[in-house]
Chemist: 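Can you keep this structure in mind? I'll have questions shortly.
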Amino acid sequence: MATHVSPEQLALAANALAAGKLVAFPTETVYGLGADARNGEAVRRIFAAKGRPASNPLIVHLASPDEIPRYADLSRSFDRPLVEERLKKVSVFWPGPVSVVLPAAAIIAKEVCAGGDTVALRIPRHPIALALLAAFGGPVAAPSANISNYISPTTAEHVRAGLGDAVEAILDGGPCEVGLESTVLSLLEKTPRILRPGTVTREQLASALGCEVEGPTPGQHSAPAEGTLLSPGLMAKHYSPRTPVVLKPFLDPKAQLPTRIGAILFRPQPLPFNAVRTTVLSQTGELDAVAAKLFTALREHDALGLDLIVVDTCEPIGLGEAIMDRLVRAAR
Ligand code: TXA
Ligand code: MG
């Protein structure tokens, strides 16, 4: 993976984090907007920059799974030995795109937990993220580096366009390899539960953990009336371009279509309408490629002043579950 960051830039970024400032950095999933997770004032800057509701907790990024006991209070786990064993099993995916939710240690700023007493932790695998974490030497709270509810950024340019003025530095690692946010897995209950689907699938987690893993409960896809959201990824509308989005199977063949339509397809195929822009994400419909390019395509189409963006769909199985989760929200 290309790294375009000099040791001087890295040191500047680490110093900025230590001074309570915000630094955007690449991860393998999407770019993050980072702050020192122990510094409440710094973390409040993240919420202000994104326009993020204070009720949405943040993911904390660590350099190694060995640091988990420092930032999670495992003594408050429902069953400490069992949770420790599960953490060992989940660690086959680290560094990588899985975040685990655990009881938070007191050292984590309360703003990170958004009013709750749990924290999501993950070890990213992008070399620049790992280098930044090593240089900083502490936990970095980082949501996706986009304005709240807009599409997550998968290039440094996306970050600059949305949050350029709010950040001290943007570390440019080129386009993100995965392109979809991490799988969020709660280890707070006897049966582990996926709160947000991602590229590490329920099947992979169940197989690594050797137990049943629950999926997101469909009924939870709307925000509770008050209090902390179980998971902000569960908010119905999210990841949304400003242009209306329709999923291709829901296009009414008899309806009068607007004139300026964009089409984002997973594989080459004929279309029953004229599109002013067509983007084919993969020649073979391969879902890894679709996930990696999807957010960039949505942003490109959103910048064209279209009347409608029509997006392809896939079976919500394996990686397809995370892709369809994001698209259903974008289309609301
Ligand atoms: O791939 C990713 O996870 C990216 C990169 C930057 O690491 N980060 C990211 O953060 O997507 P954000 O803030 O956009 O999404 C955070 C997700 C939310 O869906 C939220 O539900 C979940 O993490 N989350 C964080 N803390 C939580 C907690 N204590 N309990 C339940 N869910 C939590
Ligand atoms: Mg986000």
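Both ligands and their constituent atoms are indexed starting at 1 by order of listing. All heavy atoms count here, side chains included; hydrogens, waters and symmetry mates do not.
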Chemist: Are any of the N or O atoms of Y31 closer than 3.5 Å to those of ligand 1?
Modeler: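 Between Y31 and ligand 1, no N or O pair is found under 3.5 Å apart.
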Chemist: Quick one: does H61 get an N or O within less than 3.5 Å of an N or O on ligand 1?
Modeler: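 In this structure, H61 places an N or O atom under 3.5 Å from an N or O of ligand 1.
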Chemist: If I take every N, O or S atom of S148, is at least one of them less than 2.8 Å from the Mg ion (ligand 2)?
Modeler: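 Coordinating: no.
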Chemist: Which ligand 1 atoms are under 4.0 Å away from a heavy-atom of L195?
Modeler: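 This gives 31 (C), 32 (N) as the contact atoms.
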Chemist: Consider ligand 1: state whether an atom of it lies below 4.0 angstrom from any non-hydrogen atom of G116.
Modeler: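 No, G116 has no heavy atom closer than 4.0 Å to ligand 1.
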Chemist: Would you please say whether a donor-acceptor pair under 3.5 Å links the side chains of E181 and S152?
Modeler: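 Judged by distance alone, the side chains do pair up.
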Chemist: If you draw the axis of the six-membered ring of F295, does the NZ or CZ of R326 fall within 45° of it and under 6.0 Å from the ring centre?
Modeler: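 No cation-pi geometry.
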Chemist: Where the closest heavy atom to atom 33 (C) of ligand 1 is concerned, which of G32, P57, G34 has it?
Modeler: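 Comparing heavy atoms across G32, P57, G34, the nearest one to atom 33 (C) of ligand 1 lies in P57.
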Chemist: We want to know whether D312 and Q269 form a side-chain donor-acceptor pair, criterion being a heavy-atom distance below 3.5 angstrom.
Modeler: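 Side-chain D/A pair, D312 to Q269: present.
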Chemist: With heavy-atom distances below 4.0 Å as the criterion, list the atoms of ligand 1 near V184.
Modeler: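 Once the distances to V184 are compared, the set is 23 (O).
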Chemist: Looking at E212 and K190, does any basic side-chain N land under 4.0 Å from a carboxylate oxygen?
Modeler: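 No salt bridge links E212 with K190.
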Chemist: Out of the candidates T279, T296, T278, only one should pair with H301 under the side chain to side chain donor-acceptor pair (under 3.5 Å) rule; please name it.
Modeler: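 Exactly one pass, corresponding to T279.
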Chemist: Report, in ascending order of atom number, the atoms of ligand 1 lying under 4.0 Å from any heavy atom of P143.
Modeler: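 What qualifies from ligand 1 is 10 (O), 12 (P), 13 (O).
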Chemist: Do the side chain of S77 and the main chain of D79 share a donor and acceptor less than 3.5 angstrom apart?
Modeler: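 Flag not set: sc S77 to bb D79 has no pair under 3.5 Å.
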Chemist: How many angstroms lie between atom CZ of F266 and atom CG of L287, to the nearest 0.5 angstrom?
Modeler: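 Between atom CZ of F266 and atom CG of L287 there are 7.5 Å.
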Chemist: With a heavy-atom distance limit of 4.0 Å, tell me whether E181 approaches ligand 1 through its side chain, its backbone, both, or neither.
Modeler: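 Both of them.
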Chemist: With atom 16 (C) of ligand 1 as the reference point, say which of N56, I59, L58 has the nearest heavy atom.
Modeler: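 Looking at heavy atoms only, I59 sits closest to atom 16 (C) of ligand 1.
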Chemist: Do ligand 1 and T29 have nitrogen or oxygen atoms that lie under 3.5 Å from each other?
Modeler: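 N/O-N/O distance under 3.5 Å: yes.
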Chemist: Does any N or O in the side chain of R299 come within less than 3.5 Å of the main-chain N or O of I151, such that one atom is a donor and the other an acceptor?
Modeler: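 Side chain of R299 to backbone of I151, a donor-acceptor pair under 3.5 Å: yes, one is there.
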Chemist: For T27, run the side chain to side chain donor-acceptor pair (under 3.5 Å) check against E177, H61, R122 and tell me which one passes.
Modeler: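 Exactly one pass, corresponding to R122.
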Chemist: Of the listed options (S182, G115, A142, A141), which comes nearest to atom 2 (C) of ligand 1 when hydrogens are ignored and any heavy atom counts?
Modeler: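 Answer by nearest heavy atom: S182.
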Chemist: Considering only heavy atoms, does R52 approach ligand 1 within less than 4.0 Å through its side chain, its backbone, both, or neither?
Modeler: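 The side chain, only.
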